[in-house]
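The structure appears below as C-alpha cells.
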Protein chains: 2
Amino acid sequence: MNEGVEWALHSCLNLAWIGPGRAVTAARLAAYHELPAAYLNKQLQALVRAGILISASGPKGGFRLARDLDRITLMDVVTALEGPEEAFRCTEIRQRGPGAGPTGGRAPECAIAGAMGRADLAWRRELAAQTLDAVRERAERQAPDAPDRIRRWFADVT
Amino acid sequence: MNEGVEWALHSCLNLAWIGPGRAVTAARLAAYHELPAAYLNKQLQALVRAGILISASGPKGGFRLARDLDRITLMDVVTALEGPEEAFRCTEIRQRGPGAGPTGGRAPECAIAGAMGRADLAWRRELAAQTLDAVRERAERQAPDAPDRIRRWFADVT
DNA sequence: GCTCTCGTACTCGGATATTCTGTGTCCGAGTGTTCGAGG
DNA sequence: CCTCGAACACTCGGACACAGAATATCCGAGTACGAGAGC
C-alpha cells in the first residue's frame with residue numbers, strides 16, 4: 001500500500017486538532033513529521049480531488065478539512081489515494097489457452113475471484129466502519145497532551 | 001497484489017483435479033493458461049518453500065500438492081507469495097520531527113496503525129476461513145464439466 | 001539372458017535482465033497582501 | 001486622510017526525473033530413465 005496513506009491520515013488528524021477554520025500549508029504539515037513537502041502536497045491534492053480537503057492558493061492559503069472528522073472514514077482516504085479497484089485483480093486466465101472451454105465469454109463468475117472479493121469486501125467494510133473521529137478519540141485517550149502540543153506548535157509562526 | 005497469486009490458485013486447483021499422485025511440470029501448468037513458464041515456476045517455488053507444494057526434479061518430475069485442498073486456505077497461498085507483513089506499514093512518522101513528544105520511544109500504540117490493522121485482520125480472517133476445497137466446490141458447481149476436461153487435457157502426453 | 005554402469009534428456013532452482021509503478025523533485029498558474037501614488 | 005492600482009510574495013497544481021520492486025528470462029545443479037557393455 002502507498003506510504004502516503006499514513007501521511008494523509010496523520011495530516012487529517014493534525015488539521016482537526018489545529019482547528020476547523022485554519023488553513024495550513026503542505027510545507028508546514030510536512031515539517032511536523034519531517035516529510036518531503038512536495039510529495040505530501042501531491043497526496044493532499046488527491047484528498048482535495050476526493051472532496052475530503054479544500055485547498056486555497058496564495059498567502060494565507062493551504063489545506064483545511066472539507067467536513068467534520070466523524071463524516072470521514074478510513075475507506076474515504078484509502079480510496080482517494082489508492083483508487084477504487086480492489087487489491088486482487090482477476091485477469092481471467094481461465095479463459096485463455098487450451099482450458100478456455102466452450103463458454104463464449106459468458107462465464108458466470110470466477111470462483112477464485114469471488115472468494116478473494118469476499119475478503120476484500122470484509123476489509124473495505126471494516127475501513128468504512130471506522131471514522132477518523134473514532135481514531136482521533138483513541139489517539140487522545142493514549143496521549144491526552146498531544147492535541148494541545150500540536151495546536152501550540154502550529155500556532156507558532158516561526 | 002502480485003499477479004502470481006491468481007496463477008498459483010488456479011494451478012493448485014488444476015493439480016487437485018488432475019489427481020493427488022501425479023506430478024505436473026511448471027511448463028505444462030503454464031501452457032494450460034498461456035502463462036510464461038519460467039515465471040510461473042518461480043511462483044510455484046515459493047509455494048514449495050511454504051510447504052504447500054512438493055517438487056521433484058528430473059524426468060517424471062514436477063509439482064504436486066503437499067496436502068489435501070481442505071487443508072490449504074487462501075491465506076496460506078497469499079502469505080507464501082506476498083509475505084507475512086500487512087499491506088499498511090506504520091513507519092511511525094509521529095515519532096519524527098518536532099511532534100515527537102517526550103515519550104522516549106515507548107509509545108503505547110499508534111491509533112492509526114491500530115485501526116488499519118483491524119481492517120487487515122478482517123481481511124486475513126476471511127482469507128483464512130476459505131479453504132481451496134470450498135473454492136473448488138463452487139467452481140465445480142458453476143462448470144461441472146471442467147474437472148473432466150482438465151484431467152483429459154493434462155493426461156494428453158502430446 | 002541378466003546386471004551393472006555410463007550417458008542422456010529432462011526438471012527444478014536460483015542468478016540475471018527488463019519494464020512499470022511508486023517515490024521524489026521542480027517550475028508555472030493563481031491569489032491575497034501590501035506598498036505607493038494620486039485625488 | 002482616503003482610495004485605487006500595480007507589483008510582489010506566497011501557495012497550490014501539474015509536469016518532469018529517479019528508484020525499487022514486480023515481471024520476465026536464462027543457465028546451472030540434480031535426478032530418473034534407458035541404452036550398451038560386460039559377466
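Within every chain, numbering begins at 1; the chains are lettered A, B, ... in the order of the sequence lines, protein sequences first and strands thereafter.
Going from atom CG of B:Leu29 over to atom C1' of C:dC12 covers 13 Å, rounded to whole Å. Between the P atom of C:dC10 and the CZ atom of B:Arg28 lies a distance of 14 Å, rounded to the nearest Å. The distance from atom NZ of A:Lys60 to atom P of D:dC12 is 14 Å, rounded to the nearest whole Å.
The aromatic ring centres of B:Phe154 and B:Trp17 sit 6.0 Å or more apart.
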Nucleotides 13-29 of chain C: protein proximity per nucleotide (B base, S sugar-phosphate only, - neither; heavy atom, under 4.0 Å): BBB-------BBBB---
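Salt-bridge check for A:Glu137 with A:Arg141: passed, with a basic side-chain N closer than 4.0 Å to an acidic carboxylate O.
Here B:Ala27 lies out of heavy-atom contact (under 4.0 Å) with every strand.
Taking the ring centre of B:Trp123 as origin, the terminal cationic atom of A:Arg124 falls outside the region bounded by 6.0 Å and 45° from the ring axis.
Taking the salt bridge (Lys or Arg N to Asp or Glu O under 4.0 Å) definition, one finds that B:Glu34 meets it with nothing, sequence neighbours left out.
Tested against B:Asp133 for a side-chain contact (heavy atoms from CB on, under 4.5 Å), the candidates B:Ile72, B:Asp70, B:Thr73 yield a single pass: B:Asp70.
Residues A:Val78 and A:Asn2 are not in side-chain contact: their nearest non-hydrogen atoms beyond the backbone lie 4.5 Å or more apart.
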